2 protein chains.
Amino acid sequence: MKKEYSDTEIKIKTAAKSLFLEKGYSATTTRDISKESDINLALLNYYFTSKKKLFEIIMLETFYDFISKMVEVYNDEKSTLEEKLRLTSSKYIDMIIVEPHLPTFVVNELKNNPSSILKILKGQIMESKLVDQYNDGVKKGIYKRIDPIHFVTNILSLIVFPFISSPIIIKMKKFSRKEFNEMMYERKKLIPEWILQMIKK
Amino acid sequence: MKKEYSDTEIKIKTAAKSLFLEKGYSATTTRDISKESDINLALLNYYFTSKKKLFEIIMLETFYDFISKMVEVYNDEKSTLEEKLRLTSSKYIDMIIVEPHLPTFVVNELKNNPSSILKILKGQIMESKLVDQYNDGVKKGIYKRIDPIHFVTNILSLIVFPFISSPIIIKMKKFSRKEFNEMMYERKKLIPEWILQMIKK
DNA sequence: TTTTTTATTAATCATTTGTTTAATTCAATT
DNA sequence: AATTGAATTAAACAAATGATTAATAAAAAA
(Lines give C-alpha, C1' and ligand atoms only; values in the text may rest on other atoms or scores of the structure.)
Protein backbone atom coordinates (compact mmCIF):
# COMPACT_ATOMS: atom_id res chain seq x y z
CA MET A 1 0.00 0.00 0.00
CA LYS A 2 2.53 2.54 1.11
CA LYS A 3 4.78 3.90 -1.61
CA GLU A 4 8.54 4.00 -1.10
CA TYR A 5 9.86 7.45 -1.78
CA SER A 6 13.36 8.19 -3.05
CA ASP A 7 15.56 10.86 -1.46
CA THR A 8 14.63 13.38 -4.11
CA GLU A 9 10.96 12.69 -3.73
CA ILE A 10 11.21 13.17 0.02
CA LYS A 11 13.08 16.43 -0.45
CA ILE A 12 10.35 17.67 -2.76
CA LYS A 13 7.55 16.53 -0.48
CA THR A 14 9.12 18.05 2.61
CA ALA A 15 9.62 21.43 1.00
CA ALA A 16 6.20 21.34 -0.63
CA LYS A 17 4.46 20.48 2.62
CA SER A 18 6.17 23.29 4.45
CA LEU A 19 5.21 25.79 1.77
CA PHE A 20 1.66 24.56 1.28
CA LEU A 21 1.11 24.71 5.02
CA GLU A 22 2.42 28.22 5.26
CA LYS A 23 0.97 29.81 2.16
CA GLY A 24 -1.70 27.49 0.85
CA TYR A 25 -2.02 25.84 -2.52
CA SER A 26 -2.53 28.81 -4.81
CA ALA A 27 0.10 31.05 -3.27
CA THR A 28 2.78 28.38 -3.56
CA THR A 29 4.54 28.13 -6.93
CA THR A 30 6.39 25.16 -8.36
CA ARG A 31 9.49 27.33 -8.46
CA ASP A 32 9.13 28.04 -4.74
CA ILE A 33 9.12 24.32 -4.14
CA SER A 34 12.07 23.66 -6.44
CA LYS A 35 14.09 26.36 -4.71
CA GLU A 36 13.19 25.35 -1.17
CA SER A 37 13.98 21.69 -1.84
CA ASP A 38 17.00 22.54 -3.95
CA ILE A 39 15.98 20.28 -6.82
CA ASN A 40 15.54 21.02 -10.49
CA LEU A 41 12.15 22.38 -11.44
CA ALA A 42 11.45 19.59 -13.93
CA LEU A 43 11.85 16.92 -11.27
CA LEU A 44 8.63 18.00 -9.66
CA ASN A 45 6.68 16.97 -12.73
CA TYR A 46 8.98 14.01 -13.34
CA TYR A 47 8.11 12.48 -10.00
CA PHE A 48 4.69 13.90 -9.21
CA THR A 49 3.20 14.69 -12.65
CA SER A 50 1.74 18.01 -11.59
CA LYS A 51 1.56 20.53 -8.78
CA LYS A 52 -2.02 19.45 -8.20
CA LYS A 53 -1.12 15.78 -7.79
CA LEU A 54 1.73 16.61 -5.44
CA PHE A 55 -0.63 18.70 -3.39
CA GLU A 56 -3.22 15.96 -3.19
CA ILE A 57 -0.66 13.49 -1.87
CA ILE A 58 0.49 15.92 0.80
CA MET A 59 -3.03 16.94 1.69
CA LEU A 60 -4.07 13.32 2.14
CA GLU A 61 -1.08 12.43 4.31
CA THR A 62 -1.42 15.57 6.41
CA PHE A 63 -5.12 15.13 7.00
CA TYR A 64 -4.56 11.49 7.80
CA ASP A 65 -1.96 12.38 10.45
CA PHE A 66 -4.26 15.04 11.81
CA ILE A 67 -7.14 12.61 12.24
CA SER A 68 -5.10 9.60 13.35
CA LYS A 69 -3.80 11.45 16.35
CA MET A 70 -7.39 11.79 17.48
CA VAL A 71 -8.75 8.45 16.40
CA GLU A 72 -6.07 6.45 18.19
CA VAL A 73 -6.92 8.02 21.50
CA TYR A 74 -10.65 7.92 20.89
CA ASN A 75 -10.56 4.17 20.30
CA ASP A 76 -8.26 3.11 23.12
CA GLU A 77 -9.89 0.22 24.96
CA LYS A 78 -8.44 0.70 28.41
CA SER A 79 -8.77 4.39 29.19
CA THR A 80 -11.78 6.13 30.68
CA LEU A 81 -13.63 8.98 29.03
CA GLU A 82 -11.84 11.47 31.24
CA GLU A 83 -8.44 10.04 30.41
CA LYS A 84 -9.24 10.19 26.70
CA LEU A 85 -10.15 13.85 27.04
CA ARG A 86 -6.91 14.63 28.84
CA LEU A 87 -4.79 12.73 26.35
CA THR A 88 -6.47 14.24 23.31
CA SER A 89 -6.13 17.72 24.68
CA SER A 90 -2.49 17.22 25.54
CA LYS A 91 -1.39 15.44 22.37
CA TYR A 92 -3.22 17.78 20.04
CA ILE A 93 -1.95 20.93 21.64
CA ASP A 94 1.61 19.58 21.54
CA MET A 95 1.26 18.65 17.91
CA ILE A 96 -0.10 22.00 16.80
CA ILE A 97 2.46 23.99 18.77
CA VAL A 98 5.12 22.21 16.73
CA GLU A 99 3.28 22.86 13.46
CA PRO A 100 1.15 25.96 14.01
CA HIS A 101 0.01 26.22 10.39
CA LEU A 102 -1.55 22.77 10.48
CA PRO A 103 -5.14 23.56 11.51
CA THR A 104 -5.60 26.54 9.21
CA PHE A 105 -4.20 24.52 6.35
CA VAL A 106 -6.46 21.56 7.00
CA VAL A 107 -9.70 23.45 7.40
CA ASN A 108 -8.91 25.81 4.62
CA GLU A 109 -7.86 23.47 1.86
CA LEU A 110 -10.47 20.97 2.92
CA LYS A 111 -13.41 22.86 1.53
CA ASN A 112 -11.97 22.43 -1.99
CA ASN A 113 -11.17 18.71 -1.78
CA PRO A 114 -14.01 17.28 0.16
CA SER A 115 -15.26 13.78 -0.51
CA SER A 116 -12.17 11.86 -1.57
CA ILE A 117 -10.04 12.97 1.34
CA LEU A 118 -12.79 12.93 3.92
CA LYS A 119 -13.40 9.24 3.31
CA ILE A 120 -10.73 8.69 5.96
CA LEU A 121 -13.23 9.81 8.56
CA LYS A 122 -15.87 7.20 7.89
CA GLY A 123 -17.11 5.99 11.25
CA GLN A 124 -13.73 6.54 12.87
CA ILE A 125 -14.99 9.17 15.24
CA MET A 126 -18.74 8.87 15.59
CA GLU A 127 -18.44 5.13 16.23
CA SER A 128 -15.42 5.44 18.51
CA LYS A 129 -15.02 4.08 22.01
CA LEU A 130 -15.16 7.63 23.32
CA VAL A 131 -18.63 8.18 21.90
CA ASP A 132 -19.70 4.80 23.29
CA GLN A 133 -18.49 5.86 26.70
CA TYR A 134 -20.36 9.10 26.41
CA ASN A 135 -23.55 7.27 25.44
CA ASP A 136 -23.10 4.89 28.38
CA GLY A 137 -22.86 7.88 30.67
CA VAL A 138 -26.09 9.21 29.23
CA LYS A 139 -27.85 5.89 29.88
CA LYS A 140 -26.54 5.84 33.43
CA GLY A 141 -27.97 9.32 33.86
CA ILE A 142 -24.67 11.02 34.67
CA TYR A 143 -24.33 12.85 31.36
CA LYS A 144 -26.87 15.03 29.59
CA ARG A 145 -28.58 13.62 26.54
CA ILE A 146 -27.48 15.62 23.52
CA ASP A 147 -26.38 14.49 20.09
CA PRO A 148 -22.77 13.24 20.51
CA ILE A 149 -21.80 15.36 17.52
CA HIS A 150 -21.93 18.35 19.84
CA PHE A 151 -19.67 16.59 22.31
CA VAL A 152 -17.12 15.72 19.65
CA THR A 153 -17.35 19.15 18.03
CA ASN A 154 -16.84 20.95 21.30
CA ILE A 155 -13.66 19.06 22.10
CA LEU A 156 -12.11 19.93 18.78
CA SER A 157 -13.38 23.51 18.91
CA LEU A 158 -11.81 24.28 22.26
CA ILE A 159 -8.51 22.70 21.27
CA VAL A 160 -8.08 23.82 17.68
CA PHE A 161 -9.84 27.16 17.30
CA PRO A 162 -7.52 29.15 19.55
CA PHE A 163 -4.65 28.25 17.24
CA ILE A 164 -6.59 29.30 14.18
CA SER A 165 -7.42 32.60 15.80
CA SER A 166 -3.99 33.05 17.35
CA PRO A 167 -3.31 36.36 15.53
CA ILE A 168 -6.44 37.78 17.16
CA ILE A 169 -5.61 36.46 20.61
CA ILE A 170 -2.01 37.60 20.41
CA LYS A 171 -3.15 41.09 19.44
CA MET A 172 -5.88 41.31 22.10
CA LYS A 173 -3.57 40.28 24.92
CA LYS A 174 -0.36 41.75 23.52
CA PHE A 175 1.08 38.26 23.78
CA SER A 176 4.38 37.04 22.43
CA ARG A 177 4.32 33.70 20.64
CA LYS A 178 5.80 32.17 23.78
CA GLU A 179 3.08 33.61 26.00
CA PHE A 180 0.47 32.37 23.58
CA ASN A 181 1.91 28.87 23.77
CA GLU A 182 1.83 29.08 27.55
CA MET A 183 -1.83 29.92 27.34
CA MET A 184 -2.31 26.80 25.26
CA TYR A 185 -0.36 24.68 27.75
CA GLU A 186 -2.72 25.96 30.41
CA ARG A 187 -5.65 24.81 28.31
CA LYS A 188 -4.34 21.24 28.24
CA LYS A 189 -5.62 20.91 31.78
CA LEU A 190 -8.61 23.20 31.49
CA ILE A 191 -10.28 21.80 28.39
CA PRO A 192 -10.99 18.31 29.80
CA GLU A 193 -12.46 19.89 32.91
CA TRP A 194 -14.63 22.21 30.88
CA ILE A 195 -15.88 19.42 28.64
CA LEU A 196 -16.86 17.36 31.67
CA GLN A 197 -18.74 20.27 33.20
CA MET A 198 -20.57 20.76 29.94
CA ILE A 199 -21.83 17.19 29.74
CA LYS A 200 -22.44 16.48 33.43
CA LYS A 201 -25.98 16.73 34.73
CA MET B 1 -14.17 59.36 7.07
CA LYS B 2 -16.29 56.97 5.06
CA LYS B 3 -15.67 57.03 1.33
CA GLU B 4 -18.59 57.35 -1.07
CA TYR B 5 -18.47 54.64 -3.67
CA SER B 6 -19.87 54.97 -7.20
CA ASP B 7 -22.10 52.29 -8.73
CA THR B 8 -19.19 50.76 -10.58
CA GLU B 9 -17.02 50.68 -7.50
CA ILE B 10 -19.78 48.94 -5.58
CA LYS B 11 -20.22 46.38 -8.34
CA ILE B 12 -16.50 45.64 -8.26
CA LYS B 13 -16.37 45.44 -4.49
CA THR B 14 -19.39 43.16 -4.26
CA ALA B 15 -18.05 40.71 -6.79
CA ALA B 16 -14.56 40.84 -5.34
CA LYS B 17 -15.80 40.20 -1.82
CA SER B 18 -17.83 37.23 -2.92
CA LEU B 19 -14.86 35.73 -4.78
CA PHE B 20 -12.26 36.50 -2.11
CA LEU B 21 -14.50 34.92 0.51
CA GLU B 22 -15.01 31.81 -1.55
CA LYS B 23 -11.57 31.23 -3.01
CA GLY B 24 -9.18 33.41 -1.07
CA TYR B 25 -6.84 36.11 -2.29
CA SER B 26 -4.40 34.11 -4.41
CA ALA B 27 -6.94 31.92 -6.13
CA THR B 28 -9.00 34.91 -7.23
CA THR B 29 -7.88 36.63 -10.43
CA THR B 30 -8.63 40.15 -11.55
CA ARG B 31 -10.33 38.66 -14.59
CA ASP B 32 -12.61 36.62 -12.32
CA ILE B 33 -13.62 39.82 -10.62
CA SER B 34 -14.14 41.72 -13.85
CA LYS B 35 -16.31 38.92 -15.21
CA GLU B 36 -18.35 38.44 -12.06
CA SER B 37 -19.01 42.15 -11.70
CA ASP B 38 -19.48 42.61 -15.45
CA ILE B 39 -17.11 45.54 -15.65
CA ASN B 40 -14.10 46.12 -17.85
CA LEU B 41 -10.87 44.69 -16.50
CA ALA B 42 -9.08 48.04 -16.54
CA LEU B 43 -11.65 49.61 -14.24
CA LEU B 44 -10.40 47.54 -11.36
CA ASN B 45 -7.05 49.30 -11.47
CA TYR B 46 -8.66 52.59 -12.43
CA TYR B 47 -10.69 52.68 -9.23
CA PHE B 48 -8.65 50.56 -6.83
CA THR B 49 -5.08 50.83 -8.15
CA SER B 50 -4.30 47.15 -7.67
CA LYS B 51 -5.75 43.80 -6.73
CA LYS B 52 -3.84 44.03 -3.46
CA LYS B 53 -5.34 47.41 -2.54
CA LEU B 54 -8.84 46.23 -3.40
CA PHE B 55 -8.32 43.20 -1.23
CA GLU B 56 -7.13 45.26 1.70
CA ILE B 57 -10.22 47.44 1.57
CA ILE B 58 -12.51 44.42 1.52
CA MET B 59 -10.53 42.61 4.18
CA LEU B 60 -10.71 45.60 6.49
CA GLU B 61 -14.44 46.11 6.03
CA THR B 62 -15.19 42.42 6.42
CA PHE B 63 -13.13 42.03 9.53
CA TYR B 64 -14.67 45.18 10.95
CA ASP B 65 -18.19 43.80 10.42
CA PHE B 66 -17.13 40.50 11.91
CA ILE B 67 -15.82 42.12 15.07
CA SER B 68 -18.49 44.82 15.39
CA LYS B 69 -21.23 42.23 15.65
CA MET B 70 -19.48 40.93 18.74
CA VAL B 71 -18.30 44.19 20.24
CA GLU B 72 -21.74 45.82 20.16
CA VAL B 73 -23.25 43.05 22.23
CA TYR B 74 -20.26 42.77 24.53
CA ASN B 75 -20.49 46.44 25.46
CA ASP B 76 -24.22 46.77 25.93
CA GLU B 77 -24.87 48.51 29.24
CA LYS B 78 -28.24 47.05 30.16
CA SER B 79 -27.97 43.32 29.53
CA THR B 80 -26.67 40.71 31.94
CA LEU B 81 -23.78 38.38 31.20
CA GLU B 82 -26.17 35.58 30.38
CA GLU B 83 -28.16 37.74 28.01
CA LYS B 84 -24.98 38.81 26.27
CA LEU B 85 -24.01 35.20 25.77
CA ARG B 86 -27.39 34.32 24.31
CA LEU B 87 -27.39 37.31 21.99
CA THR B 88 -23.84 36.75 20.76
CA SER B 89 -24.49 33.11 20.09
CA SER B 90 -27.69 33.83 18.24
CA LYS B 91 -26.50 36.78 16.18
CA TYR B 92 -23.22 35.19 15.21
CA ILE B 93 -24.73 31.92 14.13
CA ASP B 94 -27.32 33.76 12.07
CA MET B 95 -24.67 35.88 10.44
CA ILE B 96 -22.42 32.97 9.49
CA ILE B 97 -25.27 30.84 8.17
CA VAL B 98 -25.94 33.64 5.70
CA GLU B 99 -22.26 33.92 4.78
CA PRO B 100 -20.69 30.54 5.47
CA HIS B 101 -17.31 31.44 3.99
CA LEU B 102 -16.82 34.32 6.39
CA PRO B 103 -14.94 32.64 9.26
CA THR B 104 -12.55 30.68 7.10
CA PHE B 105 -11.80 33.79 5.11
CA VAL B 106 -11.17 35.90 8.16
CA VAL B 107 -8.90 33.49 10.01
CA ASN B 108 -7.14 32.46 6.88
CA GLU B 109 -6.27 35.79 5.33
CA LEU B 110 -5.62 37.28 8.73
CA LYS B 111 -2.29 35.59 9.25
CA ASN B 112 -0.88 37.48 6.26
CA ASN B 113 -2.18 40.95 7.16
CA PRO B 114 -1.78 41.11 10.85
CA SER B 115 -1.04 44.39 12.59
CA SER B 116 -2.73 47.02 10.43
CA ILE B 117 -6.07 45.27 10.32
CA LEU B 118 -6.01 43.94 13.84
CA LYS B 119 -5.75 47.46 15.22
CA ILE B 120 -9.54 47.42 15.17
CA LEU B 121 -9.47 45.05 18.12
CA LYS B 122 -7.60 47.29 20.49
CA GLY B 123 -9.29 47.00 23.87
CA GLN B 124 -12.69 46.45 22.30
CA ILE B 125 -13.07 42.96 23.67
CA MET B 126 -10.76 42.54 26.63
CA GLU B 127 -12.02 45.79 28.16
CA SER B 128 -15.66 45.16 27.32
CA LYS B 129 -18.64 45.22 29.67
CA LEU B 130 -18.90 41.45 29.29
CA VAL B 131 -15.42 40.91 30.67
CA ASP B 132 -16.19 43.34 33.48
CA GLN B 133 -19.26 41.34 34.34
CA TYR B 134 -17.24 38.15 34.32
CA ASN B 135 -14.65 39.69 36.63
CA ASP B 136 -17.42 40.89 38.95
CA GLY B 137 -18.73 37.35 39.11
CA VAL B 138 -15.27 36.14 40.03
CA LYS B 139 -15.03 38.68 42.85
CA LYS B 140 -18.45 37.66 44.12
CA GLY B 141 -17.22 34.08 44.15
CA ILE B 142 -19.79 32.75 41.70
CA TYR B 143 -17.41 32.30 38.77
CA LYS B 144 -14.06 30.54 38.68
CA ARG B 145 -10.95 32.67 38.53
CA ILE B 146 -9.26 32.09 35.21
CA ASP B 147 -7.77 34.54 32.75
CA PRO B 148 -10.76 36.09 30.91
CA ILE B 149 -8.98 35.40 27.64
CA HIS B 150 -10.06 31.78 28.06
CA PHE B 151 -13.63 32.87 28.61
CA VAL B 152 -13.65 35.03 25.50
CA THR B 153 -11.80 32.43 23.43
CA ASN B 154 -14.20 29.67 24.41
CA ILE B 155 -17.26 31.62 23.35
CA LEU B 156 -15.83 32.27 19.92
CA SER B 157 -14.49 28.72 19.59
CA LEU B 158 -17.82 27.07 20.25
CA ILE B 159 -19.65 29.40 17.91
CA VAL B 160 -17.24 29.72 15.01
CA PHE B 161 -15.22 26.52 14.80
CA PRO B 162 -18.10 24.24 13.82
CA PHE B 163 -18.59 26.36 10.71
CA ILE B 164 -14.93 26.19 9.85
CA SER B 165 -14.97 22.43 10.21
CA SER B 166 -18.37 22.01 8.58
CA PRO B 167 -17.04 19.74 5.80
CA ILE B 168 -15.80 17.33 8.48
CA ILE B 169 -19.01 17.45 10.48
CA ILE B 170 -21.17 17.05 7.40
CA LYS B 171 -19.16 14.00 6.35
CA MET B 172 -19.11 12.42 9.82
CA LYS B 173 -22.86 12.70 10.28
CA LYS B 174 -23.87 12.37 6.62
CA PHE B 175 -25.60 15.71 7.04
CA SER B 176 -27.11 17.84 4.34
CA ARG B 177 -26.31 21.54 4.51
CA LYS B 178 -29.81 22.05 5.92
CA GLU B 179 -29.27 19.50 8.68
CA PHE B 180 -25.95 21.09 9.49
CA ASN B 181 -27.64 24.47 9.83
CA GLU B 182 -30.23 22.92 12.12
CA MET B 183 -27.40 21.62 14.28
CA MET B 184 -26.09 25.18 14.47
CA TYR B 185 -29.52 26.54 15.38
CA GLU B 186 -29.58 24.01 18.21
CA ARG B 187 -26.25 25.37 19.39
CA LYS B 188 -27.68 28.87 19.74
CA LYS B 189 -29.35 27.70 22.92
CA LEU B 190 -26.71 25.23 24.03
CA ILE B 191 -23.59 27.36 23.81
CA PRO B 192 -24.65 29.96 26.41
CA GLU B 193 -25.58 27.14 28.79
CA TRP B 194 -22.25 25.41 28.24
CA ILE B 195 -20.28 28.57 28.78
CA LEU B 196 -22.07 29.24 32.05
CA GLN B 197 -21.38 25.70 33.26
CA MET B 198 -17.74 26.15 32.39
CA ILE B 199 -17.31 29.28 34.45
CA LYS B 200 -19.60 28.51 37.36
CA LYS B 201 -18.05 27.25 40.56
C1' DT C 1 32.70 -3.09 -21.12
C1' DT C 2 28.66 -2.16 -23.45
C1' DT C 3 23.92 -1.37 -23.27
C1' DT C 4 19.89 0.07 -21.27
C1' DT C 5 17.31 2.35 -18.05
C1' DT C 6 16.72 6.02 -14.77
C1' DA C 7 17.72 10.62 -12.94
C1' DT C 8 18.95 15.29 -13.65
C1' DT C 9 19.57 19.51 -16.11
C1' DA C 10 18.98 23.92 -18.83
C1' DA C 11 16.21 25.83 -22.03
C1' DT C 12 11.86 26.64 -23.86
C1' DC C 13 6.69 26.73 -24.52
C1' DA C 14 2.14 28.17 -23.95
C1' DT C 15 -0.96 30.27 -20.70
C1' DT C 16 -2.24 33.03 -17.22
C1' DT C 17 -2.04 37.10 -14.65
C1' DG C 18 -1.69 41.92 -12.94
C1' DT C 19 -1.27 46.13 -14.93
C1' DT C 20 -0.92 49.87 -18.41
C1' DT C 21 -1.80 52.39 -22.65
C1' DA C 22 -4.13 54.90 -25.96
C1' DA C 23 -8.33 55.57 -28.00
C1' DT C 24 -13.26 56.33 -27.41
C1' DT C 25 -17.59 57.38 -25.21
C1' DC C 26 -20.18 59.82 -21.91
C1' DA C 27 -21.43 63.60 -18.86
C1' DA C 28 -20.93 67.96 -16.99
C1' DT C 29 -19.50 72.83 -17.59
C1' DT C 30 -18.81 76.94 -20.07
C1' DA D 1 -22.53 74.03 -29.45
C1' DA D 2 -17.96 73.61 -27.93
C1' DT D 3 -14.89 72.23 -24.34
C1' DT D 4 -13.24 69.83 -20.63
C1' DG D 5 -12.75 66.09 -17.56
C1' DA D 6 -14.20 61.63 -16.09
C1' DA D 7 -15.56 56.86 -17.28
C1' DT D 8 -15.12 53.00 -20.18
C1' DT D 9 -13.15 50.06 -23.60
C1' DA D 10 -10.12 46.89 -26.44
C1' DA D 11 -5.63 45.85 -27.01
C1' DA D 12 -1.26 45.06 -25.50
C1' DC D 13 2.81 44.35 -22.26
C1' DA D 14 5.85 42.22 -19.19
C1' DA D 15 6.41 39.07 -15.75
C1' DA D 16 5.18 34.80 -13.62
C1' DT D 17 3.79 30.17 -13.82
C1' DG D 18 2.92 25.14 -14.74
C1' DA D 19 4.58 22.06 -17.71
C1' DT D 20 7.46 19.86 -21.44
C1' DT D 21 11.46 18.85 -24.31
C1' DA D 22 15.74 17.31 -25.69
C1' DA D 23 20.22 16.65 -24.16
C1' DT D 24 23.33 14.87 -20.65
C1' DA D 25 24.86 12.36 -16.56
C1' DA D 26 24.51 8.60 -13.51
C1' DA D 27 23.24 4.05 -12.26
C1' DA D 28 21.85 -0.59 -13.26
C1' DA D 29 21.66 -4.54 -16.21
C1' DA D 30 23.54 -7.20 -19.82
Side-chain angles (χ1 to χ4, degrees), chain A residues 2-62 101 105 108-109 111-113 116-117, chain B residues 2-62 101 105 108-109 111-113 116-117:
Chain A
K2 221 171 204 171
K3 194 173 173 256
E4 269 313 314
Y5 288 110
S6 69
D7 284 5
T8 324
E9 285 170 296
I10 291 168
K11 273 168 73 181
I12 295 171
K13 275 183 58 189
T14 308
K17 181 175 179 180
S18 159
L19 288 166
F20 283 143
L21 278 171
E22 191 192 325
K23 321 205 289 172
Y25 175 76
S26 297
T28 302
T29 70
T30 52
R31 279 167 183 81
D32 285 342
I33 298 170
S34 115
K35 244 188 187 167
E36 176 92 3
S37 57
D38 202 40
I39 54 102
N40 186 282
L41 177 58
L43 289 178
L44 194 153
N45 297 285
Y46 179 75
Y47 283 114
F48 296 98
T49 313
S50 71
K51 179 191 168 190
K52 193 92 196 289
K53 284 261 172 61
L54 172 59
F55 176 79
E56 276 162 12
I57 290 169
I58 288 167
M59 182 70 205
L60 194 70
E61 287 185 8
T62 306
H101 293 297
F105 171 77
N108 198 46
E109 305 291 352
K111 67 173 187 211
N112 309 319
N113 299 268
S116 61
I117 287 174
Chain B
K2 221 171 205 171
K3 195 175 171 251
E4 269 314 313
Y5 287 110
S6 70
D7 283 4
T8 324
E9 285 170 296
I10 291 169
K11 272 169 75 181
I12 296 171
K13 276 184 60 190
T14 308
K17 181 174 179 181
S18 159
L19 288 165
F20 283 144
L21 279 172
E22 191 191 325
K23 321 207 289 172
Y25 175 76
S26 296
T28 302
T29 71
T30 52
R31 280 169 183 79
D32 286 341
I33 299 170
S34 112
K35 244 187 188 167
E36 176 91 4
S37 57
D38 202 40
I39 55 103
N40 185 281
L41 178 58
L43 288 178
L44 194 155
N45 296 284
Y46 179 75
Y47 283 114
F48 296 98
T49 313
S50 71
K51 179 191 169 190
K52 192 91 193 294
K53 284 261 172 62
L54 172 59
F55 177 79
E56 276 161 13
I57 291 169
I58 288 167
M59 180 70 205
L60 194 70
E61 287 185 8
T62 307
H101 293 298
F105 171 77
N108 197 47
E109 305 290 352
K111 67 176 189 209
N112 309 318
N113 298 269
S116 60
I117 287 173

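From a predicted model like this one, the values you see are computed outputs, not experimental measurements. Letters go in sequence order (proteins before strands), and every chain restarts at 1.
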Pair Phe55(B) + Phe20(B): ring centers closer than 6.0 Å: yes

[X]: what forms a side-chain hydrogen bond (donor to acceptor under 3.5 Å, both in side chains) with it, not counting sequence neighbours?
{"X": "Thr29(A)", "answer": "Asp32(A)"}
{"X": "Ser6(B)", "answer": "Glu9(B)"}
{"X": "Glu61(A)", "answer": "Lys13(A)"}

Non-hydrogen side-chain atoms of Leu43(B) and Tyr46(B) separated by less than 4.5 Å: yes

Side chains of Ile33(A) and Phe48(A) in contact at under 4.5 Å (non-hydrogen atoms): no

Lys51(B) to Tyr25(B) six-membered ring, cation-pi geometry met (6.0 Å, 45°): yes

Set of side-chain contact (heavy atoms from CB on, under 4.5 Å) partners for Thr14(A), sequence neighbours left out: Ile10(A)

Touch class at under 4.0 angstrom, heavy-atom based, for Thr28(A) against every strand present: sugar-phosphate

Any residue meeting salt bridge (charged side-chain N to carboxylate O under 4.0 Å, His left out) with Glu56(A), in chain and number order, not counting sequence neighbours: Lys52(A)

For Lys53(A), all residues meeting salt bridge (charged side-chain N to carboxylate O under 4.0 Å, His left out), sequence neighbours excluded: none

Interface with DNA chain D, restricted to residues 50-60 of chain A and to heavy atoms under 4.0 Å: Ser50(A), Lys51(A)

Nearest-angstrom distance from the residue atom NZ of Lys23(A) to P of dA16(D): 13 Å

Polar side-chain atom of Lys111(B) near backbone of His101(A) as donor-acceptor pair, under 3.5 Å: no

Within residues 29-36 of chain B, residues whose heavy atoms come under 4.0 Å of DNA chain C: Thr29(B), Thr30(B), Arg31(B)

5' to 3' contact window, DNA chain C with chain B (heavy-atom distance under 4.0 Å): dT17(C) to dT21(C)

Pairs touching residues 34-44 of chain B that satisfy side-chain hydrogen bond (donor to acceptor under 3.5 Å, both in side chains), sequence neighbours left out: none

Check against side chain to side chain contact (heavy atoms under 4.5 Å, CB included), Tyr47(A) and Leu54(A): CA-CA 9 Å; Tyr47(A) 283 114; Leu54(A) 172 59; over 6 Å; no

Would you list the protein and nucleotides 8-10 of chain D atom pairs, both N or O, that sit under 3.5 Å from each other?
residue	atom	partner	partner atom	Å
dT8(D)	OP1	Thr8(B)	OG1	3.3
dT8(D)	OP2	Thr8(B)	OG1	3.2
dT8(D)	OP2	Tyr47(B)	OH	2.8
dT9(D)	OP2	Asn40(B)	N	3.4

